[in-house]
Amino acid sequence: MNIPHRIALFFSGRWLPVCLILAVAGFLRIPVERDMETEFKDQGFRDWSPGLSSRDQLTQAAFVGALGGFRSLVASVYHLKAHNAFVKKNWGEVERLRTVTASLQPKFWSYWDLAVWDMAWNAFGYYRGEAERHGDDFEGWRIENIVMPTYLQKGIDFAKRGLEWLPDDYRLLKVIADIYDQKMGNPEKSAEWYLKASRKPDAPSYVYRAYAHQLTFCQGMEEEAYRVNKDLYRNSGEITLTLLRDLERLEEDIVRRAASNMSYEELRAAALAEGAGYLEMASLGTYLLEVSKDLPAAIDIYGKVAVHPGAPSFYRRKLAFVMLKDPKQTGRAYQMLKALALRDPASLRREDIKEIARLESRLGIPKAERLKP
Amino acid sequence: MNQEAQDTAISRRHKVFSALRIWAIARNTFTQLVRMKVFYFMLIFSALIIGANLLFLSFTFEQELKILKDVSFGAMSLFASIFAIVGTALLIPKDIEDRTLYTILTKPVPRIEYLLGKLMGILLLLAVSILLMSLLFFTVLYIRQHGILTEKIASFPRQVSDAQIALFREDIFSRGLQPELLLGVLAVFLKAAVAAAVALFVSTFASSTLFTIIVSLVVYFIGHAQSLALDYYFAEGEMPSAAQRFFAGLIGVVFPNFQLFNVTDGLTAGEVVSASLMARLVGLTAFYLTIYSLVSWLIFAKKEL
Amino acid sequence: MANASPPAVLIEGLTKIFRLPFRKEEVVAVDDLSLEVGAGEVYGLIGPNGSGKSTTMKVLLGLIAPSAGKASIFGLDSADTASRGSVGFLPENPYFYKYLTGSETLAFYGKLCGLSGKQIRRRSEELLELVDLTSARDRRLGGYSKGMLQRIGLAQALVGDPRLVVLDEPTAGVDPAGSRKIRDLVLELKRRGITVILSSHLLEQVQEVCDEVGIIFNGRLVREGKLDDLIAIEDQSEIVLQNASPQLLERIGALVDEEDGAQMLRCGNPRTTLERLFLKAISEGSSQEGEDH
């Protein structure tokens with residue numbers, strides 16, 4: 001057969017130049033296209049090449065679709081499938097489908113977040129119910145001590161994998177911190193991740209406050225916790241109730257420690273020194289109140305603390321409650337609490353309102369003058 | 001009569017290249033394609049995106065808007081590519097079959113002008129249909145994002161302040177109708193344009209419409225994996241055999257890189273594409289159109305009709 | 001044709017070989033054909049289907065490239081797009097874009113000829129009048145009859161005001177009245193000094209309108225000349241009888257045989273003269289073919 005001859009004939013005509021042009025064009029464009037591809041990758045676009053891991057998990061049709069320019073659409077379809085699996089409480093399937101969805105569009109934060117949520121909240125919550133149903137039998141123990149922690153870890157793992165793609169996304173860092181806080185009760189870890197999250201450019205201020213809050217529960221980090229919270233109190237310009245409570249708790253702790261560790265002379269010298277801080281005064285006050293039981297002196301020193309320019313408002317409440325211990329001062333204490341309730345309700349607690357009401361009836365305050373709840 | 005003689009004398013001076021002739025063919029091609037009732041696809045498109053809108057109301061608004069965008073862009077890209085390939089594959093065989101090609105080419109029309117006119121006609125159709133589809137898509141998206149905002153405000157137990165509404169609005173709208181979506185629309189058009197140019201080239205030597213469609217579709221799909229072949233060619237570390245590398249390189253050289261045009265996948269996930277990349281994508285499309293027009297012409301110029 | 005201006009059509013040694021794809025065979029569609037058509041003439045190219053008429057015309061119009069030889073129009077090579085500036089072509093059984101109206105069709109082809117909007121309007125007006133389609137100008141071509149399509153096709157061929165018009169089987173499939181209309185139009189073109197080449201396998205119109213005819217068979221021009229010259233055959237006589245019985249015909253045949261050198265060529269029902277000529281030319285052509293091999 002003269003096949004070579006025929007091939008020669010084929011190329012000798014118009015096809016030879018056509019092939020040449022296509023080849024030259026190919027060689028011209030490939031470097032440009034490779035450059036563009038790299039740049040797309042740098043901008044976070046062409047970030048998915050169908051590596052074996054996700055290919056195994058995709059059906060053939062979905063794989064072709066993903067390859068054919070419908071990656072986002074395929075991801076949406078898998079998202080819906082994952083949602084169906086969630087409705088059926090098929091958690092293994094949810095995990096598999098969430099993996100596919102997120103690896104199809106790993107730059108889409110929400111897919112990672114949903115995966116974390118499905119593991120650490122939905123699956124975890126479901127198994128908590130199961131554990132309660134089983135009660136104290138072995139299965140109940142197994143679920144509680146093996147299955148549930150596994151799902152929390154899966155959630156954390158999803159977030160960490162997402163962070164490989166989105167290292168600057170505070171939300172994925174925050175969700176890890178949330179798991180440690182809400183699900184594991186691990187304030188140290190939680191504080192650590194909240195801090196990481198708070199350092200990201202678009203992290204809202206509450207992330208850092210969450211860090212400050214978690215710190216207050218960390219054993220042996222009281223000083224750091226006080227420094228951070230005090231700094232927030234002074235500089236953040238936004239004093240939340242949580243911050244106030246945390247600060248109150250922390251300062252009470254400091255004051256109590258000082259009162260139990262130092263002698264009266266030392267405390268007195270520190271409290272009466274020129275430019276003494278309110279904490280030194282409060283320490284003396286605590287000593288007088290709880291060790292030497294000198295109520296008038298304690299009231300006196302707490303009075304100074306309350307008007308100290310740097311002291312947070314909860315010291316005025318403290319003063320009022322110290323004064324309440326002295327039956328002669330009940331009227332004044334009531335007036336102070338009432339004033340606080342009107343002017344600075346944040347410095348009072350919920351139960352204080354009841355206390356005020358009790359005082360009002362004990363003092364026989366006319367109905368019209370009483371504090372309206 | 002004298003006046004007319006003068007007129008025709010002017011017309012007889014043959015222009016080697018005339019944009020007006022190309023435009024006449026392009027417009028005619030556009031009408032021809034519109035008459036093929038391609039716009040019925042638009043009904044399917046509307047059904048799809050409205051369906052997508054109604055089906056997935058149970059998700060967060062971010063998810064819902066993303067699905068809406070995914071389905072719309074996916075359908076748009078699919079239809080645009082189908083229009084491009086099938087429409088183009090039908091054009092030249094239809095003209096040959098009806099012998100209208102003879103009447104055109106026996107006018108002083110160079111064959112390159114005929115091809116360019118056809119290509120321009122199909123590009124015109126693609127532009128119009130993509131524009132219509134995106135208009136529909138944007139309208140649905142606009143209505144939906146306002147709907148979501150209203151629902152969100154209504155779902156709030158307390159009275160919502162204007163500042164909060166502004167915050168919600170920004171949050172929702174930033175994932176809804178954004179100007180970047182226009183870049184996605186452009187990318188869909190560019191990709192379809194390259195697919196049309198490929199189909200035009202194939203149809204200059206194909207013996208049937210079906211052959212053109214199949215070959216073009218094969219090129220289209222392999223074109224999406226072209227960069228994978230090149231990855232293999234440029235692979236470092238474990239070295240593929242020379243034959244394998246040659247084959248991978250050949251695929252890279254022969255097939256256009258369609259994967260580059262998939263900007264919408266990133267856009268729906270909220271990624272940003274730079275203007276410079278988009279500009280290069282336009283340039284690359286122009287390059288592809290030029291090359292495929294050139295080789296189409298080389299084949300078509302000597303085609304026996 | 002003695003003057004310096006080139007002939008309207010000049011075809012020299014034209015050969016066209018089609019190679020069948022994936023087969024060894026080759027088909028010779030046109031074999032060393034030469035012909036010349038002077039400006040203002042009406043030339044008829046006749047021959048049976050598949051004889052090479054259409055191929056010759058396609059080469060002349062640059063639709064296909066010759067394997068050997070060349071064709072030119074008013075001195076411009078057919079391969080040159082510019083040569084088509086002075087040609088109008090009506091293909092066999094033309095279909096145009098169905099969705100265009102008559103005047104839109106003319107406007108489209110006018111634009112392809114590079115006419116301005118004003119020229120197009122005037123030309124369409126005039127041509128629609130000429131081909132008697134003024135009343136159908138705003139109707140879509142999808143609703144035209146075969147004859148109307150042929151006429152709009154002719155108008156389309158004329159829109160660029162060509163000096164040469166090529167008509168491929170202009171009356172094929174057209175009813176007698178339409179056929180007559182087209183014949184009248186060809187005569188009108190001739191009156192206007194436009195050169196016309198028309199091909200046909202039907203002979204009546206060729207006979208009535210052509211100045212010169214070429215008979216083409218198996219890709220060769222087997223006869224060519226002025227119609228009158230071709231038709232007049234010196235050494236033959238014709239007897240036309242009415243109500244002749246077979247016996248009478250037999251007797252006449254016997255009488256002829258008695259005379260030396262005389263021969264009865266044919267006995268049957270009369271045909272048009274040209275058709276007879278045509279059949280004769282073909283029989284000669286095929287006998288030549290036989291000798292060649």
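Just so we're on the same page: letters track the sequence lines, and every chain starts at 1.
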Worksheet item: About how many Å separate OG1 of B:T103 and CZ of C:F89, when rounded to the nearest 0.5 Å?
Response: 9.0 Å
Worksheet entry | side chain to side chain contact (heavy atoms under 4.5 Å, CB included) against B:L289, all qualifying residues, sequence neighbours excluded | B:L123, B:A193, B:A197, B:T285
Practice prompt. Give, for atom CG of C:L112 and atom CG of B:L20, the distance between the pair rounded to the nearest 0.5 Å.
Written response: 10.5 Å
Practice prompt. Give, as side chain, backbone, both or neither, the part of C:K111 having an atom under 4.5 angstrom from any heavy atom of chain B.
Written response: both
Item to complete: Could you tell me whether the side chain of C:F108 reaches within less than 4.5 Å of the side chain of B:R27, counting heavy atoms only?
Response: no
Worksheet entry | Toward chain B, the part of C:V166 with a non-hydrogen atom under 4.5 Å | neither
Worksheet entry | B:D95 and C:Y97 side chains, donor-acceptor separation under 3.5 Å | yes
Worksheet item: Is it the side chain or the backbone of B:I22 that comes within 4.5 Å of chain C heavy atoms, both, or neither?
Response: neither
Item to complete: Measure the OG1-CE distance between B:T106 and C:M57 for me, rounded to the nearest 0.5 Å.
Response: 12.0 Å
Worksheet item: Would you find more than 12 non-hydrogen atoms of other residues, nucleotides or ligands less than 6.0 Å from C:Y95 atom OH?
Response: no
Fill in: Side chain, backbone, both or neither of B:S18 within contact of chain C (heavy atoms, under 4.5 Å)
neither
Worksheet item: Among C:E104, C:K98, C:R84, which residue forms the greatest number of heavy-atom pairs with chain B at distances under 4.5 Å?
Response: C:R84
Fill in: Nearest-0.5 Å distance that lies between atom CG in C:L63 and atom CZ in B:R111
6.0 Å
Worksheet item: Can you say whether B:K303 sits under 4.5 Å from chain C via the side chain, the backbone, both, or neither, judging by heavy atoms?
Response: backbone
Worksheet item: How many angstroms lie between atom NZ of B:K302 and atom CD1 of C:I64, to the nearest 0.5 angstrom?
Response: 15.5 Å
Discussion item. More than 12 heavy atoms of other residues, nucleotides or ligands under 6.0 Å from CD of C:E129: yes or no?
Written reply: no
Worksheet entry | Proximal component of C:L100, with respect to chain B [non-hydrogen, under 4.5 Å] | side chain
Item to complete: Look at atom CZ of B:F247 and say whether more than 12 heavy atoms of other residues, nucleotides or ligands are closer to it than 6.0 Å.
Response: no
Worksheet item: Quick one: are C:Y99 and B:N28 in side-chain contact, heavy atoms under 4.5 Å?
Response: yes
Item to complete: Select one option (side chain, backbone, both, neither) describing which atoms of B:R99 are under 4.5 Å from chain C's heavy atoms.
Response: both
Response to the item:
Looking only at B:I25, B:T100, B:D98, B:L101, most heavy-atom pairs under 4.5 Å shared with chain C are made by B:T100
